[in-house]
Amino acid sequence: LGGAIGGLLGVRAGINTITWVFGLALGSPAARMSSGAMLKMMAIEYFAFLRTFVLTLPFERLWMGADRLRESPRPILLVHGYGCSRGVWRVMRKRLEAAGHVVATVSLAPPYTSLGKLVPQLAERIEAVCAATGARQVVLVGHSMGGLVCRSYLARHGNEKVSRLLTLSTPHQGTALARLGLGQNSREMEPGSLWLTDMASEKTGVPTISLRNAYDNYVMPQDNQKLPGARDVELPPTGHIAQLYDARVAAAVLRHLDD
C-alpha cells in the first residue's frame with residue numbers, strides 16, 4: 001500500500017513538473033527567477049494539489065460548511081474551476097469574510113459537461129444569493145474555467161444581477177493543456193474552439209478585471225488569460241491551484257473588488 005501511494009505521489013510530482021516546463025516554454029511572459037525560487041513555487045503547487053484533491057474535496061462536508069449569508073448590499077459569489085467544487089474556496093472565503101464581505105459559493109456539476117450547461121446552475125445560485133441577502137446584484141469571482149462560465153452567464157442573462165466580474169487565471173483565449181483534458185468543457189477550452197470564438201464577440205457589460213498569473217502552469221500560453229476590454233492585472237508568482245490558498249492573491253482580489 002505504501003509503495004502504491006508513493007508511486008502515485010511520484011507520478012503526480014512528475015506531471016506537476018511537466019506542466020511547469022511545458023507551460024513556461026510556451027511563450028510565457030514571466031520574468032526569469034532563480035532555480036531555488038522556481039523549485040519552491042513548484043513544491044507549493046504540488047502540495048496545493050494534494051491538499052485540494054486528496055484532503056479538501058473528498059471530505060468537503062467536513063471542512064466546508066454552508067455559506068454564511070446575511071443582509072448585504074453586494075455579496076460576492078465565488079465560482080470554481082475545472083474538475084473542482086465549492087470546497088476549493090475554503091481559505092479564500094475565510095479571508096474575504098475576515099475583511100467584512102458576505103461570501104457565497106456554488107458547486108457546478110457534472111464536472112465534464114459543456115460550459116453552457118453549467119450556466120443555469122450559476123443563474124439559480126445568483127438568484128438565491130440575492131434573495132438571501134436582499135441584494136440587487138452580486139460580484140462574481142471566477143477561478144480558471146469558472147471565469148468562462150461567468151462570462152457565458154453574462155452573455156445570456158445580461159448584467160442586471162451582476163455588478164462586477166473578477167477572473168483568476170481564466171483561459172479566456174483557451175489553454176493548450178485542455179487538449180489533454182476530459183469532457184466537452186475541455187474541448188471548449190482549447191485555443192481556437194468554436195465556443196471561445198463565439199464568446200470572444202460577447203462583451204461582459206460590467207467592469208471586468210482579469211487577474212493574470214504569468215507563471216501559470218495550467219493556462220498556456222499564459223497571455224491567453226488576457227481578455228480584450230478587461231483590466232489586466234498581473235498576480236504575484238504562484239501556481240494555478242496554489243493561488244487559491246495564497247494570501248497575496250486574496251489581497252489582490254480584495255483590492256480590486258471596489259476600485
Side-chain angles (χ1 to χ4, degrees), residues 19 22-30 77-85 88 106-123 125-126 139-159 162 164-235 239-241 243-244 256:
T19 60
F22 184 54
L24 296 180
L26 274 181
S28 171
L77 176 54
L78 306 176
V79 186
H80 64 80
Y82 177 82
C84 296
S85 66
V88 299
V106 62
S107 287
L108 304 175
Y112 304 120
T113 189
S114 170
L115 295 169
K117 291 184 178 179
L118 300 175
V119 172
Q121 298 173 51
L122 178 58
R125 186 58 178 152
I126 289 173
V139 176
L140 292 177
V141 178
H143 175 242
S144 194
M145 184 196 77
L148 297 179
V149 179
C150 292
R151 286 177 57 202
S152 186
Y153 167 86
L154 290 166
R156 292 190 188 187
H157 298 277
N159 59 5
V162 178
R164 177 170 294 237
L165 170 63
L166 277 69
T167 64
L168 288 168
S169 297
T170 290
H172 292 296
Q173 300 176 57
T175 170
L177 196 64
R179 297 189 179 102
L180 304 179
L182 301 175
Q184 181 62 27
N185 46 1
S186 286
R187 307 290 73 78
E188 292 167 348
M189 288 190 287
E190 293 180 14
S193 73
L194 179 61
W195 195 92
L196 289 173
T197 301
D198 288 344
M199 280 300 302
S201 63
E202 299 286 351
K203 305 300 181 184
T204 62
V206 298
T208 302
I209 300 174
S210 173
L211 297 163
R212 174 177 50 82
N213 181 5
Y215 293 86
D216 201 277
N217 55 313
Y218 278 59
V219 181
M220 52 186 79
Q222 286 78 7
D223 272 349
N224 281 10
Q225 299 167 55
K226 292 183 177 180
L227 176 63
R231 181 178 176 187
D232 178 62
V233 175
E234 186 170 335
L235 290 169
H240 187 80
I241 299 172
Q243 66 184 278
L244 296 170
H256 294 292

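The shortest side-chain heavy-atom distance between Leu77 and Leu122 falls under the 4.5 Å cut-off. Considering only heavy atoms from C-beta on, Thr175 stays 4.5 Å or farther from Asn224 through its side chain. A 4.5 Å side-chain heavy-atom check between Leu115 and Met199 finds every atom pair outside the cut-off. Using a 4.5 Å cut-off on side-chain heavy atoms (C-beta onward), Val119 and His157 make contact. Looking only at side-chain heavy atoms (C-beta outward), Pro171 and Val219 come within less than 4.5 Å of each other.
Defined by atom type and a distance below 3.5 Å, a donor-acceptor pair is missing between the side-chain atoms of Asn217 and His240. Side-chain contact check for Ser144 and Tyr82: no donor-acceptor pair (N or O, by modelled atom type) lies under 3.5 Å.
In this structure, Arg156 contributes its side chain and Gly116 its backbone to a donor-acceptor pair below 3.5 Å. The backbone N or O of Gln222 lies less than 3.5 Å from a partner atom in the side chain of Gln225, making a donor-acceptor pair. In this structure, Arg164 contributes its side chain and His256 its backbone to a donor-acceptor pair below 3.5 Å. Without hydrogens or angle criteria, Ser210 side chain to Arg212 main chain gives no donor-acceptor distance under 3.5 Å. Using a distance-only test at 3.5 Å, with no hydrogens or angles considered, a donor-acceptor pair links the side chain of Gln173 to the main chain of Lys226. Between the side chain of Asn185 and the main chain of Pro111, a donor-acceptor pair closer than 3.5 Å is present. Between the side chain of Asn213 and the backbone N or O of Leu168, no donor-acceptor pair lies under 3.5 Å. A donor-acceptor contact shorter than 3.5 Å is absent between the side chain of Ser152 and the backbone of Leu148. Looking at Gln121, its side chain does come within 3.5 Å of a backbone N or O of Ala109 through a donor-acceptor pair. His80 places no side-chain N or O within 3.5 Å of a backbone atom of Ser107 that could act as its donor or acceptor partner.
The shortest heavy-atom contact between Thr204 and Thr208 is OG1-OG1, 2.7 Å. Nearest heavy atoms, Cys150 versus Gly142: SG-CA, 4.4 Å. In terms of heavy atoms, Gly147 sits closest to Thr167 at CA-CG2, 3.9 Å. Residue Leu140 comes nearest to Val162 through the heavy atom pair CD1-CG2, 3.8 Å, listed as atom of the first residue, atom of the second, then distance. The shortest non-hydrogen separation linking Thr113 to Leu118 is CG2-CD2, 3.6 Å.
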Subject >> Steps toward side chain to side chain contact (heavy atoms under 4.5 Å, CB included) verdict (Ile126, Tyr153) >> reply: CA-CA 10 Å; Ile126 289 173; Tyr153 167 86; 3.5 Å; yes
**OP:** Evaluate the side chain to side chain contact (heavy atoms under 4.5 Å, CB included) criterion for residues Leu211 and Ile209: first the C-alpha distance (whole Å), next the side-chain angles of each, then the deciding distance (0.1 Å), finally the verdict.
**Re:** CA-CA 6 Å; Leu211 297 163; Ile209 300 174; 4.1 Å; yes
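Under the side-chain contact (heavy atoms from CB on, under 4.5 Å) rule, Val149 has a single partner from Leu108, Leu154, Thr170, which is Leu108.
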